[in-house]
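Structure first, then comments.
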Amino acid sequence: MRLWSRELWRLAWLATLGTCLGWLLGSAGLGLSVGLAICLFYHLRQLRELYLWLTLHPHDEPPAARGMWGELFDRLYRYQKSQRITQSRLRATLARIQESSEAMRDSVVMLDRHGDLEWWNSAATAMLGLQTAHDRGQHITNLLRDPSFIRYFNARNYSEPLTLTSPIDERRILQYQITLYGDDERLVMARDITRLHRLEQMRRDFVANVSHELRTPLTVLSGYLETYSDIADQLPPRLGKSLHQMQEQTQRMQNLVNDLLLLSRLEIDQGGKDHHPLALGPLLHSICNDALALSHQRHTITVKLESDARLLGSEEEIRSAISNLAFNAVRYTPAGSYITLRWKSNAGGGSIDVEDNGDGIDPVHIPRLTERFYRVDKGRSTATGGTGLGLAIVKHVLLRHDAQLQIESHPGKGALFRCTFPASRLV
């Protein structure tokens with residue numbers, strides 16, 4: 001501010017001096033004009049020095065000047081110097097990021113806000129076949145043309161990864177994960193999960209094969225036990241009790257094998273061939289009757305239909321999922337409990353609820369309930385004949401129908417199992 005005041009005083013001094021000299025020579029206006037012209041010439045000269053410095057020699061020291069122009073030159077020089085230091089640091093940081101990305105085994109691809117390729121590491125060249133000379137600036141979907149990837153990219157919902165084969169080698173399985181950052185830019189990462197995929201496939205085949213091989217001897221054993229049960233009354237009490245226990249355990253093994261085979265089929269088979277509009281009323285009433293038979297009328301089970309919308313899906317799979325939830329409610333709630341099967345829908349989709357007023361579940365167990373063989377109370381589950389696979393089957397059935405399982409429960413307040421379907425599944 002002091003420099004600005006000094007410049008104003010300098011202007012006023014030149015104007016006054018010029019006016020006085022002009023008055024002595026008989027023309028005050030001419031003297032004032034000469035004084036202002038001298039001031040204008042000085043500022044234009046300094047402005048020219050600034051222009052030449054910034055355009056021709058920006059890295060040199062600024063021109064020498066006094067007053068406000070000297071301060072302006074110094075400030076610009078300091079700002080320019082700090083900007084060069086900042087740029088140098090950013091370039092060094094960017095170089096380190098690129099070096100670390102180059103060292104990664106996973107593919108890293110940077111996209112701009114339009115989805116065009118900006119940069120990628122060498123792993124992306126090996127996994128995705130990207131070429132620096134031809135592909136820079138291309139849209140990602142011009143190179144990764146799989147319809148599943150295009151839908152995944154355009155959906156902008158990247159909470160879950162996408163698994164596909166490599167576009168240049170069908171023997172390699174890649175898992176894509178996209179992250180939004182900056183000004184709507186995207187970072188695409190791809191991992192080679194071929195080995196994990198093969199191990200998972202081996203596990204599925206092993207479970208399916210073992211379950212299938214167990215089915216025949218269990219059927220034979222069950223048949224003989226059924227034959228011997230006709231003469232159980234003639235056997236000593238001890239042998240009769242043993243025969244009954246063998247029948248129970250054989251039946252439990254058969255249920256376990258059937259559930260394992262169903263899970264294997266749900267994991268391997270893509271599904272969708274038998275999907276058609278389902279009327280939920282008759283289906284839920286049928287499941288309700290089965291649950292009442294399992295309960296031996298010890299529970300009150302009701303069906304509430306709050307919508308007449310139909311659900312697009314597999315009747316066999318939906319029946320299996322809802323039956324598992326209803327039968328669990330019967331098995332794990334005390335006699336006299338109320339169980340409700342409810343179907344409702346709105347603009348956002350529909351849901352099938354299985355709700356009870358039983359003992360409830362501690363929320364700490366809820367995240368793991370859909371894991372295979374996970375039991376909240378192992379002793380109680382064994383006593384009720386459960387296999388520990390029911391909720392895992394429910395989860396896989398819902399995934400095949402683009403749906404989710406939501407569980408709400410607290411000890412002493414019952415439990416709510418809600419199967420939520422998107423609006424695209426309602427007809």
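Since we're looking at a predicted model, the values are computed, not measured.
Note: L90 CG to Q83 CD = 9.5 Å, rounded to the nearest 0.5 Å. Between atom CG of residue L278 and atom CG of residue L284 there is a gap of 10.5 Å, rounded to the nearest 0.5 Å. Taking CG from L117 and CE from M110, the interatomic distance works out to 11.5 Å, rounded to the nearest 0.5 Å. The CD1 atom of I173 sits 8.5 Å away from atom OG1 of T163, with the distance rounded to the nearest 0.5 Å. Within the model, atoms NZ of K344 and CG of L280 stand 13.5 Å from one another, a figure rounded to the nearest 0.5 Å. Within the model, atoms CD of Q138 and CD of Q131 stand 12.5 Å from one another, a figure rounded to the nearest 0.5 Å.
Evaluation of the side-chain hydrogen bond (donor to acceptor under 3.5 Å, both in side chains) rule for S122 yields E102 as partners, not counting sequence neighbours. Residues passing the salt bridge (Lys or Arg N to Asp or Glu O under 4.0 Å) test with E371, sequence neighbours excluded: R368. For D192, the side-chain hydrogen bond (donor to acceptor under 3.5 Å, both in side chains) partners two or more places apart in sequence, or in a different chain, are R172, T194. Residues satisfying the ring-ring contact (aromatic ring centres under 6.0 Å, His included) test with H396, not counting sequence neighbours, are none. Under the side-chain hydrogen bond (donor to acceptor under 3.5 Å, both in side chains) criterion, R171 pairs with D169, sequence neighbours left out. Taking the side-chain hydrogen bond (donor to acceptor under 3.5 Å, both in side chains) definition, one finds that R191 meets it with nothing, sequence neighbours left out.
A 6.0 Å sphere centred on CD of Q404 holds no more than 12 heavy atoms belonging to other residues, nucleotides or ligands. Within 6.0 Å of CZ on R136 lie more than 12 heavy atoms contributed by other residues, nucleotides or ligands. Within a 6.0 Å sphere centred on CD of E170, other residues, nucleotides and ligands contribute 12 heavy atoms or fewer. Annotation: R48, atom CZ; neighbour count of heavy atoms from other residues, nucleotides and ligands within 6.0 Å does not exceed 12.
W120 is listed as a side-chain neighbour of D135, based on a closest heavy-atom distance under 4.5 Å. Using a 4.5 Å cut-off on side-chain heavy atoms (C-beta onward), I318 and L311 make contact. Under the 4.5 Å side-chain criterion, counting only non-hydrogen atoms from C-beta, L130 is in contact with V109. In this structure, the side chains of L325 and L391 come closer than 4.5 Å at one or more pairs of heavy atoms. Between T179 and M189 there is no side-chain heavy-atom pair separated by less than 4.5 Å. Side-chain atoms of Y79 and R84, non-hydrogen and from C-beta on, never get closer than 4.5 Å to each other. Put simply, the side chain of S320 does not reach to within 4.5 Å of the side chain of S314, judged on heavy atoms. In this structure, M253 and Q249 have side chains that are not in contact, with every pair of non-hydrogen atoms separated by 4.5 Å or more.
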- Residues Y176, L164; criterion side chain to side chain contact (heavy atoms under 4.5 Å, CB included); working and verdict: CA-CA 8 Å; Y176 295 91; L164 294 172; 4.0 Å; yes
- Start with the C-alpha gap between I352 and R342, add the side-chain angles, then the distance that decides, and say whether side chain to side chain contact (heavy atoms under 4.5 Å, CB included) holds. CA-CA 6 Å; I352 302 176; R342 183 185 300 106; over 6 Å; no
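L174 pairs in a side-chain contact (heavy atoms from CB on, under 4.5 Å) with only one of the listed residues (L144, L128, D106), which is L128.
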Compile the donor-acceptor pairs under 3.5 Å between side chains in residues 149-162 and protein atoms, sequence neighbours left out, one pair per line.
from : atom 1 : to   : atom 2 : distance (Å)
R151 : NH2    : S148 : OG     : 3.3
Y152 : OH     : E160 : O      : 2.8
N154 : ND2    : I150 : O      : 3.2
R156 : NH2    : D184 : OD1    : 2.7
N157 : OD1    : S159 : OG     : 3.2
Y158 : OH     : F153 : O      : 2.6
Y158 : OH     : R186 : NE     : 3.2

Please report, to 0.1 Å, the donor-acceptor pairs under 3.5 Å made by any side chain of residues 287-301, with sequence neighbours excluded.
from : atom 1 : to   : atom 2 : distance (Å)
N289 : ND2    : H285 : O      : 3.3
S295 : OG     : R298 : N      : 3.1
S295 : OG     : H299 : N      : 3.0
S295 : OG     : H299 : ND1    : 2.6
R298 : NE     : S295 : O      : 2.8
H299 : NE2    : V330 : O      : 3.4
H299 : NE2    : T333 : O      : 3.1
H299 : NE2    : T333 : OG1    : 3.2
H299 : NE2    : P334 : O      : 3.3

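Among residues at least two apart or in separate chains, salt bridge (charged side-chain N to carboxylate O under 4.0 Å, His left out) pairs with a member in residues 418-427 are D353-R418, D402-R425. The side-chain hydrogen bond (donor to acceptor under 3.5 Å, both in side chains) pairs that include a residue from residues 405-415 number zero, where partners must be two or more places apart or lie in different chains. Pairs engaging residues 110-122 under the salt bridge (charged side-chain N to carboxylate O under 4.0 Å, His left out) rule: R113-D183 [sequence neighbours left out]. Judged as a salt bridge (charged side-chain N to carboxylate O under 4.0 Å, His left out), not a single pair has a partner in residues 388-397 (not counting sequence neighbours).
The backbone N or O of V303 sits nowhere less than 3.5 Å from a side-chain atom of W343 that would complete a donor-acceptor pair. Side chain of S286 to backbone of P282: no donor-acceptor contact under 3.5 angstrom is found. One N or O on the side chain of R145 and one on the backbone of N142 form a donor-acceptor pair closer than 3.5 Å.
Across A321 and V397, no two heavy atoms sit closer than the pair CB-CG1, 3.9 Å. Taking all atoms of both residues into account, the shortest heavy-atom contact from S337 to G358 is OG-CA, 4.3 Å. Summarising the geometry of L405 relative to C419, their closest heavy-atom pair is CD1-SG, 4.2 Å, with the distance given to 0.1 Å. Here the shortest heavy-atom pairing between G390 and N324 reads CA-OD1, 3.5 Å. Between G350 and L426, the shortest heavy-atom distance links the atoms N-CD1, 3.7 Å.
Aromatic ring orientation, F421 versus H401: perpendicular (interplanar angle above 60°, classes split at 30° and 60°).
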